[in-house]
Amino acid sequence: MRVTLIHPCIGRRSGDRSYIRTWQMEPLPAATLAGLTPPDIDVKFYDDRMEEILFDEATDLVAISVETYTAKRAYQIASEYRRRRVPVVMGGFHASLCPDEVARYAEAVVVGEAETLWPQVLDDARHGKLEKFYRTANRPALGGLRPDRSIFRGKRYLPVGLVEAGRGCHFKCEFCAVQTVFSSTQTRRPPADILAEIAAIKAQRKLIFFVDDNITSNLAQAKEFFRALIPLKIRWVSQSSINAAHDEEFLELLVRSVCMGVLIGFESLNPANLAAMNKTFNTARGGFEKALSNLRKHRIRVYGTFVFGYDGDTPESFAPTVEFARRHGFYIAAFNHLTPFPGTPLYQRLQAEGRLLYDAWWLDDRYGYNRIPFQPRGMEPEELRQACLRARRSFYSWPSILGRGFDAVNRADAFMWRNFYLINALHRGDVSLRDHYPLGDEAWQGPLISAN
Ligand code: B12
């Protein structure tokens, strides 16, 4: 049997093959599926973000990862295969959030994690009896996972090694798709499995990115893992909630395990917004200033992310936030508009309040990346979009890049300092490239072909 795995892009401007470079990292969902596939099955992998899919190449089953931003493109790809009578199975975050929508464009839908379900899907496909939905009652244990990275060979990814230490987060932030899909639970891989995986890739990868939604969701287990990491001497970055930055033992373990930086969701400087998001833990124990001074003392770089469009935001909310990010010398930062992902409590609330501007923004032909899909309270949608753009342009202006580049923490490691300029320049270039980026390939013709 032959299986074709596909990681779709969010879309493409007509006739333009370039894609948002900062997103071009090795996709772990495909490597995870490849690793779960029995050796007698031939696996082919296409990354739609950087290569052309050869739709006419013979295959028996197509497996597509679907996120909300990539859903339209995934359905276009599925339509191409449906024309060729090849069955398509879809899984991933959007398939878990909107299984009924995804089922319109897939012969089979995997809802949730694939670890226990994928072998069954393959077996059913082999016998020509795919079921419409595959679900598990419980979250699978992550022991024994072996992502197969051989599928990435020959593709031009950013030189970062992506590794999972765990999945999910126990917090219940209103806007978060992760808490919705995993019901605010977190599972972790055994440290020995992770160390073996890192040992296999560390010669080719100077920086490891633990893609965990919140690597400190279980702080005691995180500390045990960081202790196990110390002998490996690898530079690493990850995502963490800010509460951990008040724990001295945690901070010391970050330094000893060679952590180079953490992505922290600050979201907003306005406590009322944080309360509406269900994220008041951000203000606990001295709040941002104290947490940032602790991280600075230990020379941990910060990737700060902010979201605008909550009810307390006005056109005046942006400049102080950018100033805050610059003053604290953030290595990089994101200034996103609030995005109502289907299935989340935020989506349900905005829908109940009659504030969604599209039936399904991710499929609407009028929608493009950065458009605001809901009616904010404190400004018009277009004002919100423009203000986010201005915030990014200011943070990634050359004076800001040079200023932050001289920050003692950003300079503390030669490798990270050199890359500071490259990474900031990439983000700077992406600000305009991403704006109004189409969802779906603009050149794709015809109506989507639904499954049965
Ligand atoms: C690392 C990461 C990134 C990286 C790199 C991604 C890459 N490799 O190219 C970067 C930083 C570039 C990134 C960018 C973005 N990301 Co991101 N990212 C993640 C993160 C943290 C981990 C992804 C990962 O590798 N997980 C490990 C794999 C193994 O787990 P998994 O994806 O859940 O896959 C499992 C199941 O879902 C299922 N599965 C998945 N696909 C398939 C397919 C089939 C056929 C089957 C059967 C099963 C299956 O099986 C897998 C094993 O159980 C996730 C959060 C998360 N927990 O997944 C967010 C996440 C996927 N990202 C998200 C978003 C919104 C974005 C951006 C739009 C952000 C932005 N505004 O800029 C961009 C879009 C990029 C794009 N699509 O091109 C959202 C998507 C939400 C949604 N509703 O779709 C997530 C869920 C984060 C969140 N908090 O909401 N991201």
Side-chain angles (χ1 to χ4, degrees), residues 3-11 19-33 35-37 47-50 61-71 73-74 88-98 102 106 108-122 125 134 136 139-140 142 145 147 152 157-158 160 162-169 173 175-182 186-187 189 209-215 237-239 263 265 303 305 307 332 334-337 339-344 347 362 369-370 388 427 430 434 437 439:
V3 175
T4 303
L5 306 175
I6 297 184
H7 193 83
C9 61
I10 67 165
Y19 193 63
I20 300 149
R21 186 62 185 147
T22 48
W23 288 350
Q24 294 184 17
M25 299 184 193
E26 296 173 345
L28 277 182
T32 304
L33 290 183
L36 292 168
T37 303
D47 194 321
D48 183 43
R49 301 171 298 178
M50 52 179 65
L61 180 69
V62 169
I64 311 179
S65 250
V66 194
E67 292 169 18
T68 303
Y69 276 107
T70 62
R73 177 63 188 144
V88 174
V89 51
M90 293 194 196
F93 263 77
H94 193 67
S96 303
L97 292 165
C98 295
V102 173
V109 183
V110 172
V111 182
E113 293 153 282
E115 280 70 17
T116 47
L117 300 171
W118 185 238
Q120 181 68 47
V121 173
L122 290 174
Y134 292 83
T136 44
R139 296 201 56 192
L142 298 180
L145 268 192
F152 299 144
Y157 290 110
L158 293 175
V160 186
L162 273 62
V163 175
E164 273 192 292
R167 254 182 227 165
C169 168
C173 303
F175 53 81
C176 183
V178 169
Q179 66 110 344
T180 308
V181 168
F182 297 138
Q186 193 226 22
T187 50
R189 298 175 66 196
F209 169 17
F210 292 116
V211 298
D212 300 40
D213 305 298
N214 178 3
I215 198 157
V237 292
S238 191
Q239 319 193 106
L263 180 153
Y303 176 173
T305 64
V307 67
I332 40 177
F335 303 92
N336 292 322
H337 64 76
T339 303
F341 285 111
T344 57
Y347 191 90
W362 55 97
Y369 190 85
N370 263 357
C388 285
H427 279 272
D430 276 358
R434 285 188 201 190
Y437 210 86
L439 301 194

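Heads up: numbering here begins at 1 and tracks the sequence. Atoms within a ligand are numbered from 1 in the order they appear, just like the ligands themselves.
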I'd like to know if the side chain of [X] and the backbone of [Y] have a donor-acceptor N/O pair within less than 3.5 Å.
{"X": "Q239", "Y": "D212", "result": "yes"}
{"X": "R139", "Y": "G112", "result": "no"}
{"X": "S238", "Y": "F210", "result": "yes"}

Look at [atom] and say whether a protein heavy atom is found at less than 4.0 angstrom from it.
{"atom": "atom 85 (C) of ligand 1", "value": "no"}
{"atom": "atom 2 (C) of ligand 1", "value": "no"}
{"atom": "atom 55 (C) of ligand 1", "value": "yes"}
{"atom": "atom 75 (C) of ligand 1", "value": "yes"}
{"atom": "atom 21 (C) of ligand 1", "value": "yes"}
{"atom": "atom 18 (N) of ligand 1", "value": "no"}
{"atom": "atom 88 (C) of ligand 1", "value": "yes"}
{"atom": "atom 49 (C) of ligand 1", "value": "yes"}

Walk me through whether W23 and Y369 qualify under ring-ring contact (aromatic ring centres under 6.0 Å, His included). CA-CA 14 Å; W23 288 350; Y369 190 85; 5.5 Å; yes

Which one holds for Y369 and ligand 1: side chain close, backbone close, both close, or neither close, with close meaning a heavy atom under 4.0 Å? side chain

With respect to [X], determine whether any N or O atom, backbone or side chain, lies less than 3.5 Å from an N or O atom of ligand 1.
{"X": "N336", "result": "no"}
{"X": "T22", "result": "no"}
{"X": "W118", "result": "no"}
{"X": "T70", "result": "no"}
{"X": "S65", "result": "yes"}
{"X": "V178", "result": "no"}
{"X": "E115", "result": "yes"}
{"X": "M25", "result": "yes"}
{"X": "H7", "result": "no"}
{"X": "T68", "result": "yes"}

Just need the protein heavy atom nearest to [atom], so name the residue and atom and give the distance.
{"atom": "atom 67 (C) of ligand 1", "answer": "W23 CZ2, 4.6 Å"}
{"atom": "atom 40 (C) of ligand 1", "answer": "G92 CA, 3.3 Å"}
{"atom": "atom 80 (C) of ligand 1", "answer": "E67 OE1, 4.3 Å"}
{"atom": "atom 25 (O) of ligand 1", "answer": "L28 CB, 3.5 Å"}
{"atom": "atom 90 (O) of ligand 1", "answer": "A177 CB, 3.6 Å"}
{"atom": "atom 31 (P) of ligand 1", "answer": "P29 CG, 4.3 Å"}
{"atom": "atom 33 (O) of ligand 1", "answer": "F93 CE1, 3.4 Å"}
{"atom": "atom 26 (N) of ligand 1", "answer": "V211 CG2, 4.2 Å"}

Under 4.5 Å between any side-chain heavy atoms of E115 and T32, yes or no? yes

Can you list the ligand 1 atoms lying under 4.0 Å from a non-hydrogen atom of [X]?
{"X": "Y69", "result": "68 (C)"}
{"X": "L97", "result": "83 (N)"}
{"X": "Q239", "result": "21 (C)"}
{"X": "L33", "result": "43 (C), 44 (C), 45 (C), 46 (C)"}
{"X": "V89", "result": "45 (C)"}
{"X": "D213", "result": "21 (C), 55 (C), 56 (C), 57 (N)"}
{"X": "E164", "result": "27 (C), 29 (C)"}
{"X": "E113", "result": "53 (O)"}

Charged tip of R167 within 45° of F182 ring normal and under 6.0 Å: no

Could you tell me whether ligand 1 has any atom less than 4.0 Å away from a heavy atom of Y134? no

